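As structure tokens, the structure follows; a few thoughts come after it.
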Amino acid sequence: MEQDSTVIYRHFNAPSRAYSQFSHEIIRHPRLSANAVRLLTWQLSLPQGAREPLSRTAERARIGSCAFTRAKRQLMEEGFVHERRVQGAGGHWMTQQLVSSTPLTSDEAIKLLSRTPAPTCTNRVSPQVAPSPRKPAAGQPTTPPADRHPKKDPKEDTSNLPARTDTAESPHLDDARALVGALPLLSPALRHIPPAMREELTRLAARWLDAGHTSTDVHEHILRGLPGPGTSVHRPGGLVRYLLRDVAPLKAEPSPPPTLSARLQGTRECSGDHIQPMLFRPLADETLCSACVSRVPAPS
């Protein structure tokens, strides 16, 4: 079979205004994501003297909070972004960010930041590049004891404990995985669950199945927890995780109606006037016992 070949042609017009020059090393950087490159090039395209922080740039570039955190971390690891905290004479703290078109070391960034004039809102800014040396504590250093159990359960002092998901031996993992895979079909609000959360949601759903719930029960529980129509869900995976964190108790089966013993089978309660319920065995379809029938006056 003859292999297909692809030929690409490029048409490029150099702009006459409103353009920026970037190094190919930024656009083709092997360790920077698309969001990191977009965040860096956007910052470098700002006019000289602009003081727009990286978070504001991420908002304008429609970069979400999680993606912005990863992009900023990548830029700092590669030396394109540097940060430091400074404090003014009045005790006001602020963060200085340095964005560079070329990777810089920490020493190079500190030198550039030291030459940068401080904003007018803080006077006599004293940079805090590194924490001051700590004063040694009195006495000889000691190690914490490691041969005893704590007196109290540390869980008592912990709020918002994560849900237990120890279902490695659960026999319902396959059913739970299918249950989670069908969530996008239940509602448009559940169409964008991150794939990385599906395994965690599977373990949570397996706990419900282990407790005796059916897949339909779990789906109905999730649907009851969704917001009303017209309300957008920004983190559907987190919402489902919250709804499945605690396993709901099973609904009690309705108790069967009481049955008569074999000795009383075929009897009927008399509809006459008795102090206590009176059972009798009818011969046909009569509703009165023999005593009530004897009290009824005969027709003239």
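The shown structure was predicted, so the numbers you read here are calculated from the model rather than taken from an experiment.
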Original post:
Is there a side chain to side chain donor-acceptor pair (under 3.5 Å) between Thr95 and Glu83 once you walk through the steps?
Top reply: CA-CA 7 Å; Thr95 301; Glu83 279 187 349; 5.9 Å; no

Original post:
Are Leu190 and Ile222 close enough, and set up right, to give a side-chain contact (heavy atoms from CB on, under 4.5 Å), and what steps lead you there?
Top reply: CA-CA 10 Å; Leu190 303 177; Ile222 294 174; 4.0 Å; yes

Subject >> Criterion side-chain contact (heavy atoms from CB on, under 4.5 Å) on Gln97 and Leu54, from CA distance to verdict >> reply: CA-CA 8 Å; Gln97 294 178 338; Leu54 291 173; 3.5 Å; yes

**OP:** Could you give me the CA-CA distance, side-chain angles and deciding distance for Met76 and Arg73, then say whether side-chain contact (heavy atoms from CB on, under 4.5 Å) is met?
**Re:** CA-CA 5 Å; Met76 296 183 69; Arg73 183 175 64 249; 5.8 Å; no

Subject >> Pair Leu239-Leu226, side-chain contact (heavy atoms from CB on, under 4.5 Å): steps then yes or no >> reply: CA-CA 8 Å; Leu239 176 60; Leu226 295 180; 3.7 Å; yes

**OP:** Show the numbers, then the answer: is there a salt bridge (charged side-chain N to carboxylate O under 4.0 Å, His left out) between Glu286 and Arg268?
**Re:** CA-CA 9 Å; Glu286 59 268 23; Arg268 178 183 297 177; over 6 Å; no

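Glu78 places no side-chain N or O within 3.5 Å of a backbone atom of Leu32 that could act as its donor or acceptor partner. For Glu220 (side chain) and Asp217 (main-chain N/O), no donor-acceptor pair under 3.5 Å exists by modelled atom type. The backbone N or O of Glu52 lies less than 3.5 Å from a partner atom in the side chain of Gln43, making a donor-acceptor pair. A donor-acceptor pair under 3.5 Å is absent between the side-chain atoms of Glu199 and the main chain of Ala196, judged by distance alone.
Residues Phe80 and Ser101 share a closest heavy-atom pair of CE2-O, 3.7 Å. Listed here is the closest heavy atom pair of Phe68 and Ala58: CD1-CB, 3.5 Å. His82 approaches Ala109 most closely through the heavy-atom pair CG-CB, 3.4 Å. For the residue pair Asn35 and Ala67, the shortest heavy atom distance occurs at ND2-CB, 3.5 Å. A pairwise comparison of heavy atoms in Trp42 and Thr57 identifies CD1-CG2, 3.3 Å as the closest pair. Here the closest heavy-atom approach between residue Pro277 and residue Glu269 is recorded as CB-OE2, 3.6 Å.
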Could you list the donor-acceptor pairs under 3.5 angstrom formed by side chains in residues 172-183, with sequence neighbours left out?
| residue | atom | partner | partner atom | Å |
| --- | --- | --- | --- | --- |
| His172 | ND1 | Asp210 | OD1 | 2.6 |
| Asp174 | OD1 | Arg177 | NH1 | 3.3 |

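Between Arg31 and Glu77 there is no salt bridge, since no side-chain N of the basic residue sits under 4.0 Å from a carboxylate O of the acidic one. Using a 4.0 Å cut-off between charged side-chain N and carboxylate O, Glu59 and Arg56 make a salt bridge.
Within the 4.5 Å cutoff, side-chain heavy atoms of Leu288 are placed close to those of Ser271. Leu204 is not listed as a side-chain neighbour of Val240, based on a closest heavy-atom distance of 4.5 Å or more. Side-chain contact between Leu209 and Ser215: present, with at least one pair of heavy atoms (C-beta onward) separated by less than 4.5 Å.
In terms of hydrophobic clustering, with Ile, Leu, Val, Met, Phe, Trp and Tyr side chains grouped at heavy-atom distances under 4.5 Å, Met197 and Val218 are assigned to different clusters. No continuous path of ILVMFWY side-chain contacts below 4.5 Å connects Val37 to Leu46, so the two sit in separate hydrophobic clusters.
How far CZ of Arg51 is from CD of Gln96: 9.0 Å, rounded to the nearest 0.5 Å. One distance of note links CZ of Arg60 with OG of Ser55; it measures 12.0 Å at 0.5 Å rounding. To the nearest 0.5 Å, the span separating CD1 on Ile63 from NZ on Lys72 amounts to 13.0 Å. Atom OG1 of Thr102 sits about 8.0 Å away from atom CD1 of Ile26, to the nearest 0.5 Å. Between Leu44 atom CG and Ser100 atom OG the span is 7.5 Å, to the nearest 0.5 Å. Atom-to-atom distance recorded for Leu75:CG and Ser33:OG is 7.5 Å, nearest 0.5 angstrom.
Heavy atoms from other residues, nucleotides or ligands lying under 6.0 Å from CZ of Arg281 number more than 12. Other residues, nucleotides and ligands place more than 12 heavy atoms under 6.0 Å from the NE2 atom of His274.
In this view, Thr216 satisfies the side-chain hydrogen bond (donor to acceptor under 3.5 Å, both in side chains) rule with no residue, not counting sequence neighbours.
Ring-plane geometry between Trp208 and His213 is classed as tilted, the angle between the planes lying from 30 to 60 degrees on a 0 to 90 degree scale.
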